[in-house]
Amino acid sequence: MTTTPETRTTTGTPEASEPAEYDTWSSLWWQRRGPLAILHWGARARAEHVPPASRPGAVLLDVACGGGLLHPHIRDKGYRHVGVDVSTKSAEVALRHGVDEVLIHDIHDIPLPDGCADVVVAGYCLEHVARPFDVVAECCRLLRPGGTLVMDTISNTFLARLAVITLGEGLPLTWAAPKGTHDHRFFIAPHRLVEACAAHGVPVDVFGVVPHVRDLLSWSLGRGYDVRMRSGTFTKILYGVSGVKPQENAAP
């Protein structure tokens with residue numbers, strides 16, 4: 001079963017990020033007050049939806065693993081942490097920060113067998129790829145029955161454009177994202193992501209991802225080191241989905 005491509009809200013064909021662009025980020029991944037700082041916050045929030053490993057040798061597949069930001073938050077949960085990323089330089093960073101193995105490959109078509117992973121996570125990558133629902137299909141294919149899927153991305157709303165692009169890339173701050181990092185035509189409405197996961201056999205629930213206001217204010221003023229993110233019902237900017245792939249012998 002397949003899904004239809006996401007409908008874009010403007011004319012023209014958006015261009016996905018190129019591997020060379022991700023290579024330029026390799027020195028930025030672990031700058032905790034740099035332009036990728038929010039990805040650290042998101043990684044910790046994403047890890048909260050990952051259960052402890054249920055068996056020896058369990059595999060967590062980290063799609064678009066980048067510099068391995070998820071690893072500190074799942075290293076005690078009992079998984080072999082395997083990443084997939086298009087950037088060789090970012091993969092090298094991930095390996096230095098504890099990821100067990102990284103496959104350098106396009107995440108639209110990952111050369112791994114069906115059901116190879118106990119957990120599949122895909123953090124803030126769908127808004128950067130040409131065919132996001134092909135990536136969703138791959139994540140669902142690679143997840144074993146009974147395994148957990150966790151994904152997060154940016155909502156296709158005016159508020160998200162304002163927060164992520166106008167402010168997030170436009171403010172003259174050292175921790176602002178580089179201009180051109182995001183294209184709102186790649187943002188995905190939550191119901192579309194839910195439908196795509198279900199179409200490929202994984203029912204999911206949606207949760208909003210928002211920063212604790214006090215943490216964000218303190219961090220913005222240079223007084224805090226990190227920002228906690230909390231799950232909630234507000235999905236107009238950042239959101240995620242999580243769910244368990246049904247067992248093959250489960251009733252329809």
Distance-minimising heavy-atom pair for Ala94 and Gly66: CB-O, 3.5 Å
Is it true that Glu138 and Arg141 have a side-chain N and a carboxylate O under 4.0 angstrom from each other? yes
Looking only at heavy atoms, what is the nearest atom pair of Ala160 and Ile154, with distance? CB-CG2, 3.9 Å
Any side-chain to backbone donor/acceptor pair from Asp215 onto Arg228? Under 3.5 Å, distance only. yes
side-chain contact (heavy atoms from CB on, under 4.5 Å) assessment of Arg230 paired with Val209: CA-CA 6 Å; Arg230 59 183 177 83; Val209 181; over 6 Å; no
Please confirm whether the backbone N or O of Val227 pairs with a side-chain atom of Arg44, one donor and one acceptor, at under 3.5 Å? yes
Worked check of side-chain contact (heavy atoms from CB on, under 4.5 Å) between Asp62 and Ile74: CA-CA 11 Å; Asp62 190 355; Ile74 58 90; over 6 Å; no
Output yes when a side-chain donor or acceptor of His105 lies under 3.5 Å from a complementary backbone atom of Asp109, and no otherwise. yes
Does some side-chain heavy atom of Asp183 sit less than 4.5 Å from a side-chain heavy atom of His128? no
Where the side chain of Lys236 meets the backbone of Leu159, is there a donor-acceptor pair that is under 3.5 Å apart? no
Cluster question for you: counting only ILVMFWY and a side-chain heavy-atom cut-off of under 4.5 Å, with indirect links fine, are Val99 and Val63 together? no
Do Val150 and Ile107 sit in the same hydrophobic cluster, where Ile, Leu, Val, Met, Phe, Trp and Tyr count as joined when their side-chain heavy atoms come under 4.5 Å apart? no
Got a second to check how far Thr153's OG1 is from Ile188's CD1, nearest 0.5 Å? 5.0 Å
Quick one: CZ on Phe133 to NE2 on His108, what's the gap to the nearest 0.5 Å? 11.5 Å
How many angstroms lie between CZ in Arg80 and CG in Asp100, if you round to the nearest 0.5 Å? 5.0 Å
Rounded to the nearest 0.5 Å, the CG atom of Leu216 sits from the CE atom of Met229 at a distance of 8.5 Å
Within the 6.0 Å centroid threshold, strictly below: His40 and Trp29: no
Students often mix this up, so state it plainly: with edges at 30° and 60°, are the rings of Trp30 and His97 parallel, tilted or perpendicular? parallel
Nearest heavy-atom neighbours spanning Ala163 and Ile237: CB-CD1, 3.9 Å
Could you go step by step and tell me if Val136 and Cys197 meet the side-chain contact (heavy atoms from CB on, under 4.5 Å) rule? CA-CA 7 Å; Val136 173; Cys197 292; 3.9 Å; yes
Going through the distances and angles, do Leu238 and Trp41 end up as a side-chain contact (heavy atoms from CB on, under 4.5 Å)? CA-CA 12 Å; Leu238 305 176; Trp41 315 340; over 6 Å; no
If I take atom CZ from residue Arg33 and atom CG from residue Asp226, how far apart are they, to the nearest 0.5 angstrom? 10.0 Å
From Asp134 CG over to His200 NE2, what is the distance, rounded to the nearest 0.5 angstrom? 8.0 Å
With salt bridge (charged side-chain N to carboxylate O under 4.0 Å, His left out) as the criterion, how do Glu195 and Arg192 come out once you've worked through the C-alpha distance, each side chain's angles and the decisive distance to 0.1 Å? CA-CA 5 Å; Glu195 291 168 357; Arg192 295 300 305 278; 3.8 Å; yes
Atom CZ of Arg214: over 12 foreign heavy atoms under 6.0 Å: no
Identify the two heavy atoms, one from Asp118 and one from Arg55, that lie closest to each other, and give their separation to 0.1 Å. OD2-NE, 2.7 Å
For Tyr124, does its backbone N or O pair with a side-chain atom of Asp152 as donor and acceptor, under 3.5 Å? yes
Are Leu126 and Val121 joined in one hydrophobic group, where the rule is that I, L, V, M, F, W and Y side chains link up if heavy atoms are under 4.5 Å apart? no
Would you kindly confirm whether Val164 and Phe234 end up in one hydrophobic cluster when ILVMFWY residues are joined by side chain heavy atoms under 4.5 Å apart? yes
Please say yes or no: joined through hydrophobic side-chain contacts below 4.5 Å, possibly via intermediate residues, are Leu103 and Leu60 part of one cluster? no
Could you tell me if the side chain of Pro35 sits less than 4.5 Å from the side chain of Leu28, heavy atoms only? yes
Identify the heavy atoms of Leu69 and Ala43 that sit nearest to each other, and give their distance. O-CB, 3.7 Å
Neighbour count above 12 (heavy atom, 6.0 Å) for Lys77 NZ: yes
When you check the side-chain N and O atoms of Glu127 and His182, is any donor under 3.5 Å from an acceptor? no
For Thr235 against Phe207, the heavy-atom pair lying closest together: CG2-C, 4.1 Å
